[in-house]
Amino acid sequence: KNVPNARVSTGNIMEMAISKKYNAIILDAFIHLFPKNDAPLLLRRIKKLLKPKGHIVISTTRSRRATEGFETKKDYPGMHIRHRAHWTKGELITLLRTEFGTVLSYTEDKDPRRKSIWMTCIVQKAAG
């Protein structure tokens, strides 16, 4: 409705055949749905979809403890059980530096509805 010429694709990002390269990819509330062992693979896959010097904007909630497992999503209708990775600031920054080098930007925003803090990072793919 807001972007009538947008093309939306659904599927498993790890298996989809995508030939187009992008200037930027936004991973909003996304990485915490993957097991932490798969997060580097996810970021490498996303990096392949970027043009040289392309950017990734990535956000997830900040956790005090680095944990993961299956849990019930209580703030969503249906009380769905899903995998959830809880990332600490240090853990996320380390992962992004390992996969991309420099983290260009790190910000935190409070979500008053859920009483959580969202971390948002911007990283850039190397030129070559």
Side-chain angles (χ1 to χ4, degrees):
K1 194 175 189 181
N2 292 332
V3 187
N5 296 323
R7 189 177 133 242
V8 177
S9 299
T10 60
N12 183 335
I13 187 68
M14 302 303 284
E15 298 173 357
M16 293 174 70
I18 303 170
S19 58
K20 186 173 179 179
K21 300 288 183 183
Y22 299 89
N23 291 314
I25 296 174
I26 299 171
L27 303 175
D28 185 38
F30 186 70
I31 195 168
H32 56 255
L33 301 175
F34 287 79
K36 289 185 179 186
N37 286 340
D38 291 343
L41 301 172
L42 169 68
L43 292 177
R44 288 178 205 140
R45 169 72 170 139
I46 297 297
K47 189 166 33 173
K48 287 180 182 178
L49 300 175
L50 285 174
K51 293 178 181 179
K53 293 189 175 185
H55 292 85
I56 292 178
V57 179
I58 186 168
S59 67
T60 188
T61 53
R62 187 187 76 194
S63 297
R64 291 183 180 150
R65 293 182 307 127
T67 63
E68 69 179 310
F70 287 90
E71 57 188 58
T72 302
K73 183 158 177 55
K74 297 175 183 164
D75 61 345
Y76 190 80
M79 303 284 285
H80 298 285
I81 297 173
R82 64 171 184 166
H83 177 272
R84 178 64 158 87
H86 296 272
W87 292 87
T88 64
K89 175 183 176 181
E91 186 182 31
L92 181 63
I93 296 290
T94 298
L95 173 66
L96 294 172
R97 284 184 178 150
T98 299
E99 297 303 324
F100 288 91
T102 303
V103 175
L104 300 177
S105 172
Y106 174 89
T107 58
E108 292 184 354
D109 296 294
K110 292 181 182 178
D111 182 345
R113 293 177 295 135
R114 293 190 175 100
K115 298 180 182 175
S116 55
I117 297 175
W118 282 87
M119 307 180 285
T120 302
C121 296
I122 300 174
V123 295
Q124 184 178 38
K125 181 178 178 177

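For the single chain, residues carry numbers from 1 onward in sequence order. When reading the values below, keep in mind they use all heavy atoms of this one structure, side chains included, and skip hydrogens, waters and symmetry mates.
Using a 4.5 Å cut-off on side-chain heavy atoms (C-beta onward), Trp87 and Ser63 make no contact. Residues His83 and Glu68 have side chains in contact (heavy-atom distance under 4.5 Å, counting atoms from C-beta outward). For the pair Leu92 and His32, the minimum side-chain heavy-atom distance is 4.5 Å or more. With contacts defined as side-chain heavy-atom distances shorter than 4.5 Å, the pair Thr102/Gln124 does not qualify.
The number of heavy atoms from other shown groups lying within 6.0 Å of NZ (Lys21) is above 12.
Across Ala127 and Lys53, no two heavy atoms sit closer than the pair CB-CE, 3.7 Å. Annotation for Val103 and Cys121: closest pair CG1-CB, 4.2 Å, computed over non-hydrogen atoms. Residues Pro40 and Leu95 share a closest heavy-atom pair of CG-CD1, 3.8 Å.
If you chain together ILVMFWY residues whose side-chain heavy atoms come under 4.5 Å of each other, Val57 ends up grouped with Ile26, Leu104, Ile122.
No option in Ile58, Val123, Asp38 other than Ile58 meets the side-chain contact (heavy atoms from CB on, under 4.5 Å) test with Leu43. When each of Arg84, Arg82, His86 is checked for a side chain to side chain donor-acceptor pair (under 3.5 Å) with Glu71, only His86 meets the rule.
From Glu108, atom CD reaches atom OG of Ser116 across 11.0 Å, with rounding to the nearest 0.5 Å. Separation of atoms CZ (Arg62) and NZ (Lys110) is listed at 9.0 Å; rounding is to 0.5 Å. The structure places CE of Met119 at 8.0 Å from CD1 of Ile93, a figure rounded to the nearest 0.5 Å. Residue Thr72 holds its OG1 atom at 10.5 Å from NE2 of His80, rounded to the nearest 0.5 Å. The distance from atom CG of Leu42 to atom CG of Asn37, rounded to the nearest 0.5 Å, is 13.0 Å. The distance from atom CG of Leu96 to atom CD of Glu91, rounded to the nearest 0.5 Å, is 10.5 Å.
Leu33 and Trp118 are members of different hydrophobic clusters when ILVMFWY side chains are connected at heavy-atom separations under 4.5 Å. Linking Ile, Leu, Val, Met, Phe, Trp and Tyr whenever their side-chain heavy atoms come within less than 4.5 Å leaves Ile117 and Leu27 in two separate clusters.
Under the 3.5 Å distance criterion, the side-chain polar atoms of Lys125 are left unmatched by any main-chain donor or acceptor of Asn23.
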Tell me, with the steps shown, if Ile18 and Ile13 meet side-chain contact (heavy atoms from CB on, under 4.5 Å).
CA-CA 9 Å; Ile18 303 170; Ile13 187 68; 4.0 Å; yes

